[in-house]
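To start, the structure itself, in structure tokens.
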Number of protein chains: 2
Amino acid sequence: MPADEAPVQTKKAKATIYDVAQQAGVNPSTVSRALSNPGRVSPQTRRLVEITAGVLNFQANHSAQVLQTGSTRMLGLLVSDITNPNFFGILREAGRVATQQQYSVVLGNAAESAATELSAARRLIKTVDGLILVSPRMSESNLQLLAATKKVVAINREVSGIDCVVPDPDRGVSQAVRFLAGNGHQKIVFAAGPEMSWMSARRWDAVSDACEWCHVTAERIESTSPTIDGGRKLARTIKASGATAVITHNDLMAIGLMHELQGAGMAVPEAISIVGFDDIFGADFTTPSLSSIRSPLGECGSLAAGLILNSFAGTPQEPKSLMVDTELVIRGSAGPARSAP
Amino acid sequence: MPADEAPVQTKKAKATIYDVAQQAGVNPSTVSRALSNPGRVSPQTRRLVEITAGVLNFQANHSAQVLQTGSTRMLGLLVSDITNPNFFGILREAGRVATQQQYSVVLGNAAESAATELSAARRLIKTVDGLILVSPRMSESNLQLLAATKKVVAINREVSGIDCVVPDPDRGVSQAVRFLAGNGHQKIVFAAGPEMSWMSARRWDAVSDACEWCHVTAERIESTSPTIDGGRKLARTIKASGATAVITHNDLMAIGLMHELQGAGMAVPEAISIVGFDDIFGADFTTPSLSSIRSPLGECGSLAAGLILNSFAGTPQEPKSLMVDTELVIRGSAGPARSAP
DNA sequence: TTGAAAGCGCTAACAG
DNA sequence: CTGTTAGCGCTTTCAA
């Protein structure tokens, strides 16, 4: 391994509990107790220690504590889809729940591929007590291997043997399809996401089922990539399909598609209605603003954090999958079908 | 402290180097060397150790390593403005640079206020070798206190005594003002950000200077908050100002302002040109798409990480401020003034 | 309530 | 090239 020096700590040597103990004239263990177990020490001693610690600017050495106690009091969060800024909700809520139990949440360096995701997860998991993986792309077996090390919870994906929190597309999709059917749309196209995406499959199932229920035709078309550009490339095919409504695997695709369609002279929603998925940041920047099926990501975050924290506190539980409901957010991009009354 | 149990490690007890050593019939220190210092051990012993470690699924205890070596090989990144998804560029590039030196980057739980930011920074800094703060809101003295503990670099803010990487608005602003002046605009309004924002002041200075240079009038108006809604609330004032062009402190404000103005019947850019700052994710979702002055955040990230990493490797340096150039991204929202030829 | 002492898992001299 | 030994800074029994 080349160029592998330890950091030169140019900063002044840190004070340890020994320094504090000496300065205060007590035993190191008393300092430890006073600082992290107050109540097991007399009030005056405690004051003394606290003041001395303050004077010496004492900062407990985290790794020493971790080494001793076995707990980092940190949760990791790893997000694979960095193009979806929406996961801030997850971070915020997971953080909120964690904070209540004096835990903090750190975000792992986001991953571009399944491989980098795995290595990022491996690095991160060493430094935390539990790990939340959002839309993980790695294989099931790798996921299970990770889960054998520390507590792991997946969001947006269901994997046997590990705890999961997954938004159930059914409710939001059925709202969307009912809305579209009620507005006279006879045929709905679903623009799928990546071939291997668990979520995309799940979403198509929901669309297909809801359409059947509402007696409208559902057609699935494949995309090249789940991005704005991927959405653009779908415009021809979708126009040719004769559908008056389209639901896309995600909002990025919806936005790309909408722009391309508008560029080709099709009015949205007059000529074609568009509904995306995820209600990402910026979905309401567009004209018309984008209708979208939203997952309660914040709730996913708090549930995931809760799952991990509970597993520390309570008795071991069977791995379980938590379902959360999705919800249609109607904005300007969806409306009555052209031929509707 | 109530309810403060250590996590119950329900997982199987981890293998240590002692287990590996015993199994392989060598000394623990040999295991340590073979794994983290290959080259100081014979090839066959090394193979043996590696295989045994694999079999036992050995994972080195991170905190023990840290405790011993004093280095976590991790960099922290703390972002205060979570509404600006643009900082992904920082994360990505800082991560890239860090990875080259076997460091990884963790993101601290984002902060809502100066106070939570400080406590988040305090928590995070204990677990990393160096900390990058993006647009920090805390006081200078707190910043300097942090910097006394570990290596700290600020992005988007200049603070004496600590390393900084700041985008210089001058270039982008001067491009924007020249563009607007060249298109016949006589008066440019700057919609300022938060009163105490260092960056907002910097940006106004740049606008003011550039306008003077181009002989156009610059007017500064205050906002209530640097958000979409804050932008909306500016619409009346800006319309009343009679200006035909506006530069906003950030893109969120620009988007809110644009929507509100359009809602009030003003065409963009025909009646009024709008230029934002930051070129955030979604700036091109709008109609017309938003022109914006972009900071090379990726570059800021790599520079900041480089600054930290170099400080570990080399001799102590004087704190320095690195400047990076901003750049105008012209899109549909800016064009010829109404009364222009 | 406080002190003494052991040890968490690892690395890094120093010998051999 | 490999074994021995001594801690890193903290928490936590066990005594006093």
Side-chain angles (χ1 to χ4, degrees), chain A residues 1 4-7 9 11-50 52-53 56-73 126-127 129 149, chain B residues 1 4-7 9 11-50 52-53 56-73 126-127 129 149:
Chain A
M1 213 183 301
D4 195 6
E5 319 297 324
Q9 290 298 359
K11 311 299 171 180
K12 58 189 71 95
K14 281 137 184 45
T16 72
I17 50 170
Y18 290 92
D19 301 324
V20 178
Q22 186 172 23
Q23 183 82 12
V26 298
N27 190 279
S29 54
T30 302
V31 175
S32 171
R33 276 188 289 252
L35 262 24
S36 46
N37 228 341
R40 301 186 61 73
V41 98
S42 81
Q44 55 268 41
T45 314
R46 183 170 156 233
R47 287 279 301 151
L48 174 61
V49 168
E50 282 172 346
T52 319
L56 297 187
N57 189 29
F58 169 77
Q59 306 278 112
N61 180 314
H62 188 244
S63 9
Q65 293 185 135
V66 173
L67 179 57
Q68 174 65 24
T69 62
S71 162
T72 65
R73 295 205 92 76
K126 302 170 69 171
T127 70
D129 293 344
T149 322
Chain B
M1 215 183 298
D4 196 4
E5 320 297 323
Q9 290 297 357
K11 311 299 170 181
K12 58 190 72 96
K14 283 138 183 44
T16 71
I17 51 170
Y18 291 92
D19 301 323
V20 177
Q22 186 171 24
Q23 182 82 13
V26 298
N27 190 278
S29 55
T30 302
V31 176
S32 170
R33 276 188 289 252
L35 263 25
S36 45
N37 229 339
R40 301 184 62 73
V41 99
S42 81
Q44 54 268 41
T45 313
R46 182 168 158 236
R47 287 279 300 153
L48 174 62
V49 169
E50 284 172 345
T52 319
L56 297 186
N57 189 28
F58 167 79
Q59 306 277 113
N61 180 314
H62 187 243
S63 9
Q65 294 186 133
V66 173
L67 180 57
Q68 172 65 26
T69 62
S71 161
T72 64
R73 295 205 91 77
K126 301 169 69 171
T127 71
D129 293 344
T149 322

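Just so it is clear, the values below take in all heavy atoms, side chains as well, and ignore hydrogens, waters and symmetry mates. Residue numbers start from 1 in every chain, and the chains themselves are labelled A, B, ... in the order their sequence lines are given, proteins ahead of strands.
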What's the shortest heavy-atom distance between B/Leu67 and A/Leu67, and which atoms? CD2-CD2, 3.2 Å
When every non-hydrogen atom of B/Lys126 is compared with those of A/Ala60, the smallest separation belongs to CE-O, 3.7 Å
Search all heavy atoms of B/Thr72 against all heavy atoms of B/His62 and return the closest pair with its distance. O-NE2, 3.4 Å
Those residues at least two apart in sequence (or on a different chain) that pass side chain to side chain donor-acceptor pair (under 3.5 Å) with B/Asn27 are B/Ser29
Sequence-distant partners of B/Thr16, side-chain contact (heavy atoms from CB on, under 4.5 Å), two or more places apart: B/Tyr18, B/Asp19
Using chain A heavy atoms and a threshold of under 4.0 Å, write down where along DNA chain C the contacts begin and end, 5' to 3'. C/dT1 to C/dG9
May I ask you to say what B/Val26 touches in the nucleic acid, namely base, sugar-phosphate or nothing, with a heavy-atom cut-off under 4.0 Å? sugar-phosphate
Which heavy atom in A/Arg40 sits nearest to a heavy atom in A/Arg33, and how many Å separate them? O-CD, 4.1 Å
How far does the helix from C/dT1-D/dA16 to C/dG16-D/dC1 bend, going by the axes of its first and last five pairs, to the nearest 10°? 30°
Validation: residues 42-49 of chain A side-chain donor-acceptor distances under 3.5 Å, sequence neighbours left out:
| unit_1 | atom_1 | unit_2 | atom_2 | d |
| --- | --- | --- | --- | --- |
| A/Ser42 | OG | A/Thr45 | N | 3.3 |
| A/Ser42 | OG | A/Thr45 | OG1 | 2.5 |
| A/Arg46 | NE | A/Glu50 | OE2 | 3.3 |

In the 5'-to-3' direction, what one-character label does each nucleotide of nucleotides 8-16 of chain D receive under the scheme B = base within less than 4.0 Å of a protein heavy atom, S = sugar-phosphate only, - = no such atom? BBBBBB---
For A/Ser63, side chain to side chain donor-acceptor pair (under 3.5 Å) partners two or more places apart: A/Asn61
Taking every non-hydrogen atom, the tightest pair across A/Pro28 and A/Ile17: O-CD1, 3.9 Å
Partners of A/Thr52 by side chain to side chain donor-acceptor pair (under 3.5 Å), sequence neighbours excluded? none
